[in-house]
Protein chains: 2
Amino acid sequence: MADHNNRYETIVRKLRDHGHKLTPQRLAIVKILAKSEGHPSVENIYDQIKIDFPTMSLATVYRNILLIKSIGEVLELGFPDGSNRYDGNRPYPHPHVICIKCKKIVDPELDSLDDMREEVAAETGFKILNHRLDFFGICSSCGANKG
Amino acid sequence: MADHNNRYETIVRKLRDHGHKLTPQRLAIVKILAKSEGHPSVENIYDQIKIDFPTMSLATVYRNILLIKSIGEVLELGFPDGSNRYDGNRPYPHPHVICIKCKKIVDPELDSLDDMREEVAAETGFKILNHRLDFFGICSSCGANKG
DNA sequence: CCTCAAATAGGAATCATTTTCATTTAACAC
DNA sequence: GTGTTAAATGAAAATGATTCCTATTTGAGG
């Protein structure tokens, strides 16, 4: 997708504008976040970068993700079991569909959420700032290979 | 609410039916889960029970919550930051509204989720088994006392 | 090329949760 | 009531993802 180059440039520009150095390790992380179709985990990112930077530290991956989160350019999908997945293409809240077998994460198209947000705000008196919607299930390929 | 006694009885019966012992510590945990209006954390539960059982171990709280989860009688709301909250009154998936200041958790009334579930299933080919919907914001009392 | 604040690597620290294991106890039979 | 036994408990150690620490390295501007 051509959008991925745009995402890469957008994130790099924003990092520069905020006065952050563009280290090779940092750019490699941005590249993975921007280009990945899937929703990589920290370990995924770490393993991919280790190919080119064998001395890369896990701490560097964590620090950079934190930084990129702080400038609003990556969406963190943290799960209670400790697994974290990242979306550098759509860094704003949106629904996800997660296969509990193969851990694949898909972005469905849904737009009725905005109405729901207003409904909730009106009913509870909260000022809603954010949300998170995940559906869990079995994807079609995992459903096909049942034992 | 009268429902709380029913919840307590339901959970205790289910524990017995599954062949689990009814220890005083276990029953105390069930009572808190069944009676709490809020959504207590493990620490909340631990602190409450310590009043009556000073030797109570945190591990026992964790073990029993795990057990009660396994028989489907408590809903665990785990958060990526490691905080966990429990709902023993409605142990099935339902939306939550969470105040990011005081950490209060409220159950809004929403019913358009079922449609969404079917829409997602049709679009992605997933067999949807479960979901999680959280809205994050500022509750009315926290919004009123702003600095 | 110099300078220096920022970034990195690697290992130690953290902290919620789980596991281990010796001791206690609920449940059941008699 | 007493005995038996598997399950449950308490306390401490283990776990594991993430963060912190510190000495060393490096990007970027002059």
Side-chain angles (χ1 to χ4, degrees), chain A residues 11-33 39-71 73-74 76-86 103, chain B residues 11-33 39-71 73-74 76-86 103:
Chain A
I11 300 175
V12 169
R13 190 179 323 116
K14 207 155 176 183
L15 282 170
R16 193 171 10 229
D17 291 350
H18 284 249
H20 300 295
K21 291 187 184 174
L22 304 180
T23 65
Q25 294 94 331
R26 179 163 291 165
L27 293 177
I29 292 169
V30 171
K31 188 166 294 181
I32 290 173
L33 288 176
H39 298 70
S41 66
V42 167
E43 287 294 333
N44 284 161
I45 296 170
Y46 178 62
D47 289 344
Q48 284 185 63
I49 295 182
K50 263 215 154 168
I51 298 170
D52 296 317
F53 299 87
T55 66
M56 161 69 76
S57 161
L58 247 186
T60 297
V61 180
Y62 278 107
R63 266 180 280 141
N64 276 289
I65 286 176
L66 202 64
L67 178 70
I68 301 169
K69 258 200 299 182
S70 77
I71 60 171
E73 292 298 333
V74 69
E76 181 177 62
L77 282 182
F79 296 93
D81 70 356
S83 57
N84 279 16
R85 304 281 289 268
Y86 296 89
K103 311 301 179 193
Chain B
I11 300 175
V12 169
R13 190 179 323 117
K14 208 155 174 182
L15 282 170
R16 195 172 8 230
D17 290 351
H18 284 250
H20 301 295
K21 292 187 185 176
L22 303 180
T23 65
Q25 295 94 329
R26 178 163 291 165
L27 293 177
I29 292 169
V30 171
K31 189 166 295 179
I32 291 174
L33 287 176
H39 297 70
S41 65
V42 168
E43 288 292 333
N44 285 161
I45 296 169
Y46 178 61
D47 290 343
Q48 285 185 62
I49 294 183
K50 263 215 153 167
I51 298 170
D52 296 317
F53 300 85
T55 65
M56 161 70 77
S57 162
L58 248 186
T60 298
V61 180
Y62 279 108
R63 268 185 300 228
N64 276 287
I65 286 175
L66 202 65
L67 178 69
I68 301 168
K69 258 198 300 178
S70 78
I71 60 171
E73 291 299 331
V74 69
E76 181 177 61
L77 282 182
F79 296 93
D81 70 356
S83 59
N84 278 17
R85 305 280 291 269
Y86 296 89
K103 311 298 178 193

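Please read all numbers here as calculations on a predicted model, not as lab measurements. Letters A, B, ... mirror the listed sequences (proteins, then strands); counts begin at 1.
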Ring pair (Phe, Tyr, Trp, His ring centres under 6.0 Å) against B:His20, all qualifying residues, sequence neighbours excluded =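 Once residues adjacent in sequence are excluded, B:His20 has no partner under the ring pair (Phe, Tyr, Trp, His ring centres under 6.0 Å) criterion.
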inquiry  = Distance criterion of 3.5 Å, no angle test: do you see the side chain of B:Thr55 paired donor-to-acceptor with the base of D:dG10?
reply    = no
inquiry  = Give me the atom names and distance for the closest heavy-atom approach of B:Ile71 to B:Ile11.
reply    =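 For B:Ile71 and B:Ile11, the tightest heavy-atom pair comes out as CD1-O, 4.5 Å.
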When the distance from [atom1] of [X] to [atom2] of [N] is rounded to whole Å, what number comes out?
{"X": "A:Leu15", "N": "D:dG27", "atom1": "CG", "atom2": "C1'", "value": "14 Å"}
{"X": "B:Phe53", "N": "D:dT9", "atom1": "CZ", "atom2": "C1'", "value": "12 Å"}
{"X": "A:Asn64", "N": "C:dA7", "atom1": "CG", "atom2": "P", "value": "8 Å"}
{"X": "A:Glu76", "N": "D:dA17", "atom1": "CD", "atom2": "C1'", "value": "12 Å"}
{"X": "B:Ile45", "N": "C:dA16", "atom1": "CD1", "atom2": "C1'", "value": "15 Å"}
{"X": "A:Arg63", "N": "C:dG10", "atom1": "CZ", "atom2": "C1'", "value": "10 Å"}

ask   = Is there side-chain contact between A:Leu33 and A:Ile45, with at least one heavy-atom pair below 4.5 Å?
value = yes
inquiry  = Using the salt bridge (Lys or Arg N to Asp or Glu O under 4.0 Å) criterion, which residues pair with B:Glu76? Sequence neighbours excluded.
reply    =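 With sequence neighbours excluded, B:Glu76 shows a salt bridge (Lys or Arg N to Asp or Glu O under 4.0 Å) to B:Lys69, given in chain and number order.
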request  = Give the B/S/- string for nucleotides 22-30 of chain C, one per nucleotide from 5' to 3', where a protein heavy atom under 4.0 Å of the base yields B, of only the sugar-phosphate yields S, and otherwise -.
outcome  = ---BBS---
task = Starting at NE2 of A:His39, measure out to CG of A:Asn44 and round the result to the nearest 0.5 Å.
result =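 Rounded to the nearest 0.5 Å, the NE2-CG separation comes to 12.0 Å.
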inquiry  = So, taking the atom named CZ in A:Arg26 and the one named NZ in A:Lys21, what distance separates them when rounded to the nearest 0.5 Å?
reply    =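 Answer rounded to 0.5 Å: 9.0 Å.
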query = Using a cut-off of less than 4.0 Å, is there contact between a side-chain N or O of B:Arg26 and OP1 or OP2 of D:dA8?
reply = yes
query = Do the side-chain N or O atoms of B:Thr60 get closer than 4.0 angstrom to the phosphate oxygens (OP1, OP2) of D:dG10?
reply =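 Indeed, a polar side-chain atom of B:Thr60 lies that close.
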